[in-house]
There are 2 protein chains.
Amino acid sequence: MSVTGHTSADTPADQAAKGGKSVSIRDVAAAAGVSYQTVSRVINGNASVKEATRERVQEAIRALGFRPNAAARALANRDTRSLTVVTSNTTLYGYAATLQGVEEAARAAGFTVGISVLESEADEHVRATVNRAADSSSGLVVIAYDSAGVRALDCVPDGHPVSAAVEAPAGPLSNSLPRAWIDDAEAAAEATRYLLELGHPTVHYVALPSTTHASRRTAGWRAALEAAGAPVPEPVGAGWDAVAGYDAGRRLAQDPGVTAVLCGNDDLALGVLRAMYEAGRPVPGQVSVVGFDNAPQSAFYTPALTTVEMDFTDLGRACFALLHDVLAGTSTAAALPPVPRPRLVVRESADVHHPAPTP
Amino acid sequence: MSVTGHTSADTPADQAAKGGKSVSIRDVAAAAGVSYQTVSRVINGNASVKEATRERVQEAIRALGFRPNAAARALANRDTRSLTVVTSNTTLYGYAATLQGVEEAARAAGFTVGISVLESEADEHVRATVNRAADSSSGLVVIAYDSAGVRALDCVPDGHPVSAAVEAPAGPLSNSLPRAWIDDAEAAAEATRYLLELGHPTVHYVALPSTTHASRRTAGWRAALEAAGAPVPEPVGAGWDAVAGYDAGRRLAQDPGVTAVLCGNDDLALGVLRAMYEAGRPVPGQVSVVGFDNAPQSAFYTPALTTVEMDFTDLGRACFALLHDVLAGTSTAAALPPVPRPRLVVRESADVHHPAPTP
DNA sequence: TCCAGAAAAGTGACCGGTCACAATCCTGCC
DNA sequence: GGCAGGATTGTGACCGGTCACTTTTCTGGA
């Protein structure tokens with residue numbers, strides 16, 4: 001890794017640019033021969049200003065390189081038009097996509113977006129992070145797919161504007177903050193039924209660390225199994241990434257009764273795929289695997305992953321809309337945005353059940 | 001996707017919390033029976049305040065639930081202690097990891113970090129995005145791996161504090177802004193030599209859309225080939241994701257002379273892997289593939305991907321350090337941070353060359 | 001030509017902190 | 001007891017915008 005910096009020759013210029021007094025509306029006003037209030041009117045484009053005056057002011061603005069000071073504006077307005085997203089690991093697909101959605105919607109609405117990542121779920125750390133985030137923006141969007149996020153939600157100062165992306169509607173949330181989630185129970189059930197219809201006696205589940213003990217996904221899987229009268233195996237607890245999936249997969253691979261596996265996300269599924277491969281249990285020949293999320297890579301795995309498509313980006317947009325409502329004071333439970341249901345996308349990793357060869 | 005909001009019963013409380021005047025240091029001062037300046041001293045912990053007084057003030061702060069107003073502070077200080085990261089698609093591993101690094105370092109230094117994503121490289125859009133980012137924070141970190149980013153770098157208002165993560169030191173950057181990059185030329189060369197030593201007559205290259213026409217990666221690959229006296233095939237232009245890799249891979253698969261492929265990143269490599277698989281050209285049996293970046297998933301592909309490990313997080317940290325120096329006015333080219341060189345991690349996707357069976 | 005009323009432009013105060021400097025309170029020592 | 005000098009604390013102005021309200025300038029109709 002390499003680095004270049006300014007040459008020392010640049011420094012004076014920098015100093016000038018930094019230390020040199022920045023131009024304010026008063027400076028512009030003087031240059032244009034009007035009052036500062038008129039300049040304010042021009043840059044906000046709202047009040048009535050004579051065309052000739054407006055042009056004169058705009059000319060001055062251009063000449064002086066004036067840029068309105070956001071802090072001053074925020075102070076006077078008592079509003080920053082900014083939000084910060086509180087999240088853990090943005091390197092995971094679901095998180096990154098949600099963030100992307102929030103950012104997109106926020107930017108469109110003229111909001112500035114900050115990001116604040118939770119590095120652990122240690123109480124003090126979470127509290128400090130949330131407090132700083134709350135102070136530096138007018139609203140919070142918490143991505144609470146994991147327990148660090150849920151804890152963060154609990155730390156939000158009372159009454160502070162916030163919305164959250166959560167795993168499931170019911171949960172350990174002490175308060176009834178506005179929140180959005182993707183109802184994937186039905187999709188999980190659909191995936192499970194799909195596997196069952198392929199002839200598998202039952203479907204094993206590699207679960208994400210749940211924040212709720214009542215994950216919609218898990219519930220859908222269980223319900224489908226029960227409805228079909230199939231045995232309900234204990235879900236295999238795992239983490240978030242391929243490493244965790246691999247570990248779970250190795251355990252599952254040892255049980256010859258395992259022929260179908262539903263995974264909490266695509267990374268987990270990738271790990272399972274690999275573990276099965278190493279254990280000499282071909283997918284989908286001997287074991288079928290279905291993922292969750294439809295990450296961009298999963299169509300290219302070998303076998304291509306059958307998975308459930310989730311629109312995290314849209315979820316992010318919804319979270320912004322929710323926060324925006326709170327900020328505007330128009331927050332109501334009544335206004336439900338469109339509900340894009342997740343759907344199963346069938347590829348190669350799941351196939352009809354082939355009874356294990358009896359040796 | 002589902003959404004809940006506040007019940008209407010909550011609304012009054014909200015209004016109160018929002019409309020109700022927020023407590024200022026003057027309020028705290030009155031409650032504690034001291035002057036506002038003393039309160040300021042207490043919350044900044046710097047000046048000399050008698051212990052008894054400090055406690056009285058802190059008690060008042062707690063009682064009133066005082067939280068310092070960031071905007072006011074920024075206005076008075078002429079400094080926000082905030083930066084915003086300008087980047088495109090944060091869903092890609094390299095970008096997300098870099099962002100994570102910047103955020104981590106920034107948070108540690110008490111900086112607030114914003115994010116602003118470039119949705120296209122349309123000039124007007126880029127300019128608007130950069131300007132807004134520049135106005136809302138005291139410094140910019142531009143991730144300029146792609147042309148949208150490079151363009152953004154060119155739009156940064158003159159003299160505005162900025163640092164950048166770039167693809168290569170030399171480039172179309174018109175100005176000499178402080179920037180950091182991972183010197184992967186040697187790593188690319190190492191990977192190429194590795195493939196050559198495996199007996200492959202040459203190594204094909206699936207390139208990232210380069211911002212510079214002089215990507216270090218490409219240069220390293222070419223140099224290694226030339227040094228070995230191997231033919232230098234035309235790099236296959238591609239995009240950033242697995243889809244692009246897949247397209248490139250299909251073209252490559254048709255040429256029986258292709259036995260070794262180096263890819264600009266792991267997603268590209270995944271696409272190539274898949275294309276080769278579909279074309280009936282087993283990897284690594286018939287074709288060897290090496291990726292770049294060592295994304296967390298690549299160890300779990302089948303075959304596990306041999307790739308070059310890049311420490312993007314550290315690069316992000318370096319970018320922050322650079323910006324921090326600029327902000328502090330201590331920016332010099334002299335201060336080079338430690339240089340963690342990328343290294344080749346050998347897994348399964350590359351193997352000794354097996355001459356094509358002569359049919 | 002004059003005046004009402006709308007349009008345009010200006011004034012003062014304030015948002016919630018910080019700085020520079022002044023004022024007051026101690027303490028030890030002559 | 002009085003005083004120098006450091007430790008504490010208070011005062012006024014200001015950062016760069018915005019709001020509410022006042023003043024000045026236009027406009028058209030009587």
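Lettering of chains follows the sequences in order, A, B, ..., and the numbering in each one begins at 1.
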| Interatomic distance where CG belongs to A:Asn69 and P belongs to D:dC14 [whole Å] | 18 Å
| request: Let me know the distance between OH of B:Tyr36 and P of C:dC15, rounded to the nearest Å. | output: 13 Å
| task | Mind calculating the distance between CG (B:Asp135) and P (D:dG16) to the nearest angstrom? | result | 14 Å
| task | Measure centre to centre between the rings of B:Phe320 and B:Phe111, then say whether the value is under 6.0 Å. | result | yes
| field | Short side-chain N/O contact to D:dG16 OP1/OP2 from A:Arg73, under 4.0 Å | value | no
| task | Establish, with yes or no, whether the OP1 or OP2 oxygen of C:dA9 is under 4.0 angstrom from a side-chain nitrogen or oxygen of A:Thr53. | result | yes
| Is any N or O donor-acceptor pair between the side chain of A:Arg26 and the base of D:dG17 shorter than 3.5 Å? | yes
| message | For D:dG16 and A:Ser24 - does any side-chain N or O of the residue sit under 4.0 Å from the phosphate oxygens OP1/OP2? | response | no
| said: In whole Å, I'd like the distance from the CZ atom of A:Arg56 to the C1' atom of C:dA9. | reply: 11 Å
| field | Under-3.5 Å donor-acceptor pair between A:Gln37 side chain and D:dT18 base | value | no
| B:Gln100 side chain to A:Thr90 side chain, donor-acceptor N/O pair below 3.5 angstrom | yes
| remark: Nearest heavy-atom contact between A:Val117 and A:His125 is O-NE2, 4.2 Å
| task | Specify the separation, in whole Å, of atom CD1 of B:Ile25 and atom P of D:dT9. | result | 15 Å
| message | Counting only side-chain nitrogens and oxygens, does A:Ser40 get under 4.0 Å of the OP1 or OP2 atom of D:dG17? | response | no
| How long is the line joining CG of B:Asn77 and P of C:dT18, in whole Å? | 6 Å
| query | Within the pair A:Asn44 and D:dT18, is there a side-chain N or O less than 4.0 Å away from OP1 or OP2? | reply | yes
| said: Could you tell me how far apart A:Phe66 (CZ) and D:dC15 (P) are, to the nearest whole angstrom? | reply: 14 Å
| query | Between the main-chain N or O of A:Ala128 and the side-chain N or O of A:Asn131, is there a donor-acceptor pair closer than 3.5 Å? | reply | no
| query | Does B:Ser22 make a side-chain N or O approach to OP1 or OP2 of C:dG16 shorter than 4.0 Å? | reply | yes
| said: On the nucleotide C:dG10, are OP1 or OP2 found under 4.0 Å from the side-chain N or O atoms that A:Thr38 carries? | reply: yes
| query | D:dG10 base to B:Arg41 side chain: any donor-acceptor pair below 3.5 Å? | reply | yes
| Salt bridge or not for B:Arg56 and B:Glu59, using N-O below 4.0 Å? | no
